[in-house]
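Contents: one structure, followed by commentary.
Here, residue 1 is the first one in the sequence, and each next residue gets the next number.
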Amino acid sequence: MLVLKSGRDRGLTDNPRIAELHRPPDHVAIKYARLEKLARAARTPGPRAEPAPHHRNPRHIQGKYIVSVLDVAIPQEVAARVGATNVMLLDGCLGCTLTDEQVETLRADPDVDYITDDAVLDLR
């Protein structure tokens with residue numbers, strides 16, 4: 001999982017734990033490609049039994065959402081499937097602009113863990 005996440009997020013040798021392996025980056029790149037292929041083949045998304053939770057916030061920013069995806073999913077692909085705009089990748093999540101129809105589509109997506117309204121916080 002560490003190799004998969006490092007390959008997706010930052011590049012294979014940026015992670016200090018991968019650098020500790022003392023193996024050539026080619027080895028890690030080959031392993032990443034193999035694991036990514038296995039992960040895609042093993043995952044067969046089917047319809048959800050019930051929609052993903054949508055945590056609402058009364059101080060939300062209109063049209064802005066934070067979408068948490070499962071570890072086996074690639075956030076960029078999830079965002080692209082619904083046509084999300086202003087996508088910002090976070091750790092295991094993505095912040096984006098969505099319409100109400102796109103939110104409902106994501107709630108039915110088996111790769112989505114939950115959706116939260118993006119909100120303004122007052123730190124006083």
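The two atoms that bring Pro75 and Ala73 nearest to each other are CD-O, 3.6 Å, heavy atoms only.
Thr97 pairs in a side chain to side chain contact (heavy atoms under 4.5 Å, CB included) with only one of the listed residues (Met88, Lys64, Gln102), which is Lys64.
Inter-residue side-chain proximity for Asp118 and Tyr65 is flagged as unmet; no heavy-atom pair is nearer than 4.5 Å. No side-chain heavy atom of Val67 sits less than 4.5 Å from a side-chain heavy atom of Thr116. A heavy-atom distance below 4.5 Å is not found between the side chains of Arg107 and Val112. A heavy-atom distance below 4.5 Å is not found between the side chains of Cys96 and Asn86.
Hydrophobic clustering of Ile, Leu, Val, Met, Phe, Trp and Tyr side chains at less than 4.5 Å, counting indirect connections, unites Leu94 with Leu106. If you chain together hydrophobic residues whose side chains sit under 4.5 Å apart, Ile66 and Val82 never meet in one group. Residue Val87 is grouped with residue Ile115 when hydrophobic side chains (ILVMFWY) are merged at heavy-atom distances under 4.5 angstrom, including chains of intermediate members. Residues Leu89 and Val69 share a hydrophobic cluster, clusters being chains of Ile/Leu/Val/Met/Phe/Trp/Tyr side chains in contact below 4.5 Å.
For the atom pair Asn57 CG and Arg59 CZ, the distance stands at 8.0 Å (nearest 0.5 Å). Taken from OG1 in Thr105 to CG in Leu98, the straight-line distance is 9.5 Å, to the nearest 0.5 Å.
Scored by the side-chain hydrogen bond (donor to acceptor under 3.5 Å, both in side chains) test, Asp117 finds His54 as partners (sequence neighbours excluded).
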